[in-house]
Amino acid sequence: MHRKLGSVTLVVENYDEAIQFYVEKLNFKLIEDTKLSDSKRWVLISPTDTNETTILLAQAATPEQQQAIGNQTGGRVFMFLHTDNFWDDYTIMKSKGVSFLEEPRNEIYGTVVVFKDLYGNTWDLIEQKKP
């Protein structure tokens, strides 16, 4: 049996501004953008073209969902963006105005830095040490 994590939902304020941030600033790929109704779309993004794991951008539709924007994990790091070239990704993201909360640091597991997305969710950019 082969299993994988398909998609993770990210509640956003606005589909188009979220797409713009992730595609232009983080260099994600827009995998799908399908209109489901006047107010709902199926929007999938991914760090690569492979589609292995995607993020479903879900525009908040209720007050409860609105409250989750930017704080989907109660202040903990929300996502971990793995890279095989930390310094290139870090430099490009910084040049595009991505907000970093610290300077890059070397940890026992690899090189890492925390950044915020456009809504304030925190992410780790990480290049794991090779065994």
Hey, any chance V8 and L57 share a hydrophobic cluster, counting ILVMFWY side chains that come within less than 4.5 Å of each other, even indirectly?
yes

Does N85, at its CG atom, have more than 12 non-hydrogen atoms belonging to other residues, nucleotides or ligands within less than 6.0 Å?
yes

Apply side chain to side chain contact (heavy atoms under 4.5 Å, CB included) to residues K40 and Y15 and explain how you reach the verdict.
CA-CA 9 Å; K40 191 172 183 180; Y15 289 119; 4.0 Å; yes

If you look at every heavy atom in Q72 and T9, which pair is closest and at what distance?
NE2-O, 4.2 Å

Does CZ belonging to R105 count more than 12 external heavy atoms closer than 6.0 Å?
yes

Nearest heavy-atom pair of N14 and E17: which atoms, and what distance?
OD1-N, 2.9 Å

In short, V12 meets A18 closest at the heavy-atom pair CG1-CB, 3.8 Å

Let me confirm one number: the NZ-CG distance from K129 to N106, rounded to the nearest 0.5 Å.
6.5 Å

Using modelled atom types only, decide if a donor and an acceptor are shared between the side chain of S95 and the backbone of I92 within a distance under 3.5 Å.
yes

State the CD-CD1 distance between Q59 and I69, to the nearest 0.5 angstrom.
8.0 Å

Measuring only between side-chain heavy atoms, which start at C-beta, is I55 closer than 4.5 Å to M79?
yes

Beyond-backbone contact of E103 with V113, side-chain heavy atoms, under 4.5 angstrom:
no

Roughly how far, to the nearest 0.5 Å, is the CG atom of L81 from the CG atom of N27?
10.0 Å

Verify whether one side chain among T54 and S46 offers a donor that lies under 3.5 Å from an acceptor in the other.
no

Say whether I126 and F86 are linked into one hydrophobic cluster, either directly or through other cluster members, by side-chain heavy-atom distances under 4.5 angstrom.
no

Answer yes or no: is there a donor N or O on one side and an acceptor on the other, between the side chain of T53 and the main chain of L5, under 3.5 Å?
yes

Over 60° means perpendicular and under 30° means parallel, so classify the ring planes of W87 and Y90, tilted if in between.
perpendicular

Side-chain donor or acceptor of E32 paired with backbone N/O of W42 under 3.5 Å:
no

Distance check, rounded to the nearest 0.5 Å: F115 atom CZ versus K25 atom NZ?
12.0 Å

Report yes or no: do Y22 and L56 belong to one cluster of Ile/Leu/Val/Met/Phe/Trp/Tyr joined by side chain heavy-atom distances under 4.5 Å?
no

Show the nearest heavy-atom pair for residues F80 and D124, with the distance to one decimal.
CE2-OD2, 3.3 Å

Using the rule that Ile, Leu, Val, Met, Phe, Trp and Tyr join whenever any side-chain heavy atoms are under 4.5 Å apart, tell me whether L44 and Y119 fall into a single cluster.
no

Could you walk me through whether K96 and E24 pass the side chain to side chain contact (heavy atoms under 4.5 Å, CB included) check?
CA-CA 8 Å; K96 293 181 177 185; E24 292 180 12; 5.9 Å; no

If I compare all heavy atoms of K116 with all of L101, which pair ends up nearest, and what's the gap?
CE-CD2, 3.7 Å

What do the steps show when you test N121 against L10 for side chain to side chain contact (heavy atoms under 4.5 Å, CB included), and what is the final call?
CA-CA 10 Å; N121 295 300; L10 174 62; 3.6 Å; yes

Single-linkage hydrophobic cluster V43~V23, side-chain heavy atoms < 4.5 angstrom:
yes

Test side chain to side chain contact (heavy atoms under 4.5 Å, CB included) on E13 and Q66 and set out the steps.
CA-CA 7 Å; E13 180 74 32; Q66 192 76 29; 2.4 Å; yes

Do you know the tightest heavy-atom contact between D33 and R41?
OD2-NH2, 2.7 Å

